[in-house]
K.L.:
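Please read through the structure below; I'll follow up with questions.
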Amino acid sequence: MSVLEYLANGLVYSSIIVLASIGLSLVYSIADFANFAHGDTMTVGAYTSLVTFGFVGALGGEVLGLPLGFFVALAAGVAVAALVAVLTHRLVYEPLDIDSIGLLITSIGVAFVYRSVIRLGFGAQPFEFDIELQRPIEALLPYGIRMTVHDVAIVASAAVLVAGLHALLQYTDLGRKMRATADNPDLARVAGIRTNRVEIWTWILGAGLAGAGGAFLGLYNQISPRMGFDILLVVFAAVILGGIGSVYGAMAGGFLIGMVNQLMPILPDLGAEIPLVPDAFGIPIGSQYANAVAFLIMVAVLLFRPSGIAGEEAS
Amino acid sequence: MSVADRLGGRFDGLTAAEQGVSAFVVGLSVLLLFGLITGGLSPTYFLYLVGLVGMYVLLSFGLNAQWGYTGLINFSVAAFFGLGAYGTALLTASSSPIGLSGSLLLGVVPLTLVGLFVAIVLAAVVAVAIGVPTLRLRADYLAIASLGLAEVVRVLILNQQDVTNGSAGLRGLPGFFEGWPLLGTFPETMPTLRVAELEVSIPGVYSTRILGFTLDTPFWQALVNVALVFVFVAVVYAVLRRAHRSPWGRVLRTVRADEDLAEALGKDTYSLKMQSFVLGSVIMALAGVFYAHLNLFVSPGDLEPINTFYVWIAVILGGSGSNRGAMFGGFVVIAIREGTRFLGDLLPEALPSLGIPFTDLAVSFPELVATTYATVVNNFASTRLLAVGLLIVLVMRFRPQGVLPPQRELVWPASVAESSGPGETNPRETIEDGATAGAHETAATDAAADEGSAPDESADTADADDTTTADADDGGEDRE
């Protein structure tokens, strides 16, 4: 495989991580705690999409190799993930009178509840979307890139969602309120912003993006009850790398961590793949350590720049 | 005064929570005793359960030394537990790629003792290695970073097959006392005892068979194991209690309640945190050593994050910082883990037919009940996870300070004896009432009110309780 192909894979994987890490970062900045149930919110989105896709089926036309039904299923996944998160916020987090550490621990319990309910309903075995596998795009093969139209669809959808969020944050009233609340909740409240409402919208946006990320992760890989938890630490690594609470930092962090994750197989024969480096040079580390490397990067960032790469800027 | 009166007096002197816990423990003990007598629970398995409770108590003690005392959110409990288990297993297991053979080192020192030493050193070294980069971090960063580093440890153990035997795990561990004089051969030399089956009957009314089990080598082996964990627990408890009441323990509590204050008083909080982190990690490794020689098999699955969260539940449920709470928490966690397994075997796979005809609706109510029941009973692993999740949420919602929050155990007994009056004997209760009502101010006033009459106690309870308040305030300030 060529470096270009690894980069392409990294782009696809990064898109999923970016979707997940934006949501985590939004909730972190406004609800003010590390939400350990975020990964399992992705799982909720993935399973909802799976069930919805089973109901609506292919639905005629195709966009980017994906049947229209998949986009309906995606929307359902987003909606249900958001609904579940808002309900959890109202029923569990809001009545609590504890600090952010207490909320963090509570969110672990919430994650377990999500996961066990899913496992009770669907069992522990993995599922896949009933969508035909695609052949790699012919036009890219001469460059050594094996990428399917589905991969392009994931990247494009993620790009659309991220652009939409950017527009929302920068040019809408809600976006301004969210930024103000994230910056200083007390001041925002004094200024007449109903921070409770902003918080609900944060949950809707964050969990919705997580739901989309989960559906794409299911399309990219498989759907299993542990999928969200398994990716959660990588997402945390991305958010911390970007700077907690900064949405744009989360985008950058997610992109970097996703890339590192997929570029791992290059490391053992680094010299042969990259010009200007002696051929014999290589870092002997297997791709099974991809996640471990992500965590180590995270810890290293925390050590030298606790605020992350975009920490100082407001979101 | 009769024994019953005296017991009654003791019982009345307890707080409501303590009474509830005592009732729960007594109830469960009666249930277990009933199982033992009727033969539903074999004595060997009972001792195995006791051993597991002891192990969880050790783990909770370890976490308490970090989270309860110093406020360190360590999500790598399973990693240190696993390091303890692997530390001794790598040396002693017959399937270990780097193990030693035989049961004595140099013909003198029992190998398991060396394993214990290796495990403790390993845990201490890794604790320092993890602590150096993470202990300066803000609380929630520490949580994430420690969980990540625990995963790194797990992935390493899973993939370094030439050292750890990878996913196959390590088999063929010796019992802890193998090769020891006397204790090593104790289970074999003890006679096999048979307890005859008895028929108990109230003539004409009721008749049943009870007892009827054999106490043989596995039973004596289990007894030795339980004795081992009792020794571990007793030693750790004594050390922790002494440490907690010492000046060192008081500084740790200050670090937990207000780190800046401790810093301003000239304390090296980083070093204190490191000491507490290493102490806790070593205790967790001790639990791992016990587990390895109890289970005689270790695998990377023992380092799964879920095991960390089990210990967290034990500590939160019991009450952060409370060693009695840790014991209660360990008890409950085993009740959940083993009880659900037991229930899964016991309950019928499907509900007995109720004889209600199903209607023509797609899903009728009885059918829904029946299918739900079948799903729950046939997926006990998932049900256990659900129970654990709900328990965390409910405890945080209704009793965030835990069932048995630390109160008098933080104080020298002498200073308790000097104080008197309802407010002083149970200072915690008054404060809790305020805290549960949701007003930190009330708690603060109560604490202040206590201050005049019993300075020692109120200072302790106040700082235990203020932790929440202080943390909440910190959270607000940190964000700016």
Side-chain angles (χ1 to χ4, degrees), chain A residues 28-29 32-34 36 88 91-92 95-121 123-124 182-186 225 229 232-234 236-237 239-240 244-245 286 288-296 298-300 302-303 306, chain B residues 71 73 75 130 133-134 136-141 143-145 147-149 151-152 155-156 158-159 305-306 309 312-313 316 372 375-376 379 381-397 400 435-436 438-440 467-476 478-480:
Chain A
Y28 210 134
S29 63
D32 195 28
F33 71 98
F36 272 73
T88 311
L91 291 175
V92 179
L96 288 179
D97 179 32
I98 41 177
D99 54 349
S100 62
I101 301 306
L103 285 168
L104 185 159
I105 293 168
T106 313
S107 72
I108 294 172
V110 169
F112 286 175
V113 172
Y114 288 177
R115 201 195 313 170
S116 57
V117 168
I118 286 172
R119 231 165 62 174
L120 279 173
D183 219 27
N184 188 337
D186 294 327
F229 185 77
L232 178 69
L233 278 171
V234 181
F236 265 122
V239 170
I240 289 180
I244 279 186
Q288 68 267 36
Y289 289 108
N291 285 355
V293 169
F295 308 144
L296 291 179
M298 171 181 86
V299 173
L302 284 174
L303 261 185
Chain B
I73 306 197
F75 278 167
I130 289 188
T134 56
R136 286 187 204 278
L137 301 175
R138 225 178 72 186
D140 44 355
Y141 284 41
I144 298 163
L147 188 55
L149 289 170
E151 277 295 283
V152 173
V155 173
L156 275 174
L158 190 62
N159 289 305
I306 180 82
F309 297 124
W312 268 92
I313 296 171
I316 297 169
T372 311
T375 318
V376 167
N379 293 284
S382 317
T383 316
R384 190 178 309 147
L385 194 65
L386 183 65
V388 165
L390 284 176
L391 193 63
I392 297 182
V393 171
L394 291 177
V395 169
M396 295 315 280
R397 171 80 179 83
T436 39
H440 288 303
T467 314
T468 0
T469 329
D471 282 354
D473 292 344
D474 282 347
D478 281 349
R479 296 184 63 264
E480 286 160 22

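Because the structure is a prediction, the values reported are computed rather than measured. A, B, ... follow the sequence lines: proteins, then strands. Residue 1 opens every chain.
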K.L.:
Could you tell me whether the side chains of A:Tyr114 and A:Thr88 share a donor-acceptor contact shorter than 3.5 Å?
P.N.:
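Yes, A:Thr88 and A:Tyr114 have a side-chain donor paired with an acceptor closer than 3.5 Å.
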K.L.:
Measuring heavy-atom distances to chain B, does A:Val110 have an atom under 4.5 Å in its side chain, in its backbone, in both, or in neither?
P.N.:
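Both parts, backbone and side chain.
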K.L.:
Can you tell me which portion of A:Phe33 sits under 4.5 Å from chain B's heavy atoms? Options are side chain, backbone, both or neither.
P.N.:
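Neither the backbone nor the side chain of A:Phe33 comes within 4.5 Å of chain B.
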K.L.:
Looking at B:Leu391, B:Leu156, B:Thr134, which one has more heavy-atom pairs under 4.5 Å with chain A than the rest?
P.N.:
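Ranked by contacts with chain A, first place is B:Leu156.
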K.L.:
Aromatic ring centroids of A:Phe112 and B:Phe309 under 6.0 Å?
P.N.:
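Aromatic pair counts; centres sit under 6.0 Å.
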K.L.:
So which part of A:Leu104 gets closer than 4.5 Å to some heavy atom of chain B, the side chain, the backbone, both or neither?
P.N.:
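The side chain, not the backbone.
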K.L.:
Below 4.5 Å, heavy-atom pairs only: which of B:Val393, B:Val155, B:Val152, B:Asn159 has the largest tally toward chain A?
P.N.:
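That would be B:Asn159.
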K.L.:
Under a 4.5 Å cut-off applied to non-hydrogen side-chain atoms, are A:Phe295 and B:Leu149 in contact?
P.N.:
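With C-beta onward as the side chain, the pair stays apart.
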K.L.:
Pick whichever of A:Thr106, A:Leu232, A:Val92 has the most heavy-atom pairs under 4.5 Å with chain B.
P.N.:
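Among the listed options, the one with the most contacts to chain B is A:Thr106.
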K.L.:
Examine B:Tyr141 together with A:Phe236 and report whether their ring centres are nearer than 6.0 Å.
P.N.:
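For B:Tyr141 and A:Phe236, the ring centres are not under 6.0 Å apart.
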K.L.:
Report which part of A:Leu296 has an atom under 4.5 Å of a heavy atom belonging to chain B: side chain, backbone, both, or neither.
P.N.:
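Interface part for A:Leu296: side chain.
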K.L.:
Could you tell me which non-hydrogen atom of A:Met298 sits nearest to which non-hydrogen atom of B:Ala145, and how far apart they are?
P.N.:
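Shortest heavy-atom contact: CE-CA, 3.7 Å.
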K.L.:
Pick from B:Val388, B:Leu147, B:Leu390, B:Ile73: which one has the most heavy-atom pairs with chain A under 4.5 Å?
P.N.:
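If we count pairs closer than 4.5 Å to chain A, B:Leu147 comes out on top.
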K.L.:
Select one option (side chain, backbone, both, neither) describing which atoms of A:Ile105 are under 4.5 Å from chain B's heavy atoms.
P.N.:
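Contact with chain B is through both the backbone and side chain of A:Ile105.
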K.L.:
I need the A:Leu120 CG to B:Thr383 OG1 distance, nearest 0.5 Å.
P.N.:
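The CG atom of A:Leu120 sits 5.0 Å away from the OG1 atom of B:Thr383.
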K.L.:
Just so I know, are the side chains of B:Leu385 and A:Val113 near enough to count as touching, which here means a heavy-atom distance under 4.5 Å?
P.N.:
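No, their side chains stay 4.5 Å or more apart.
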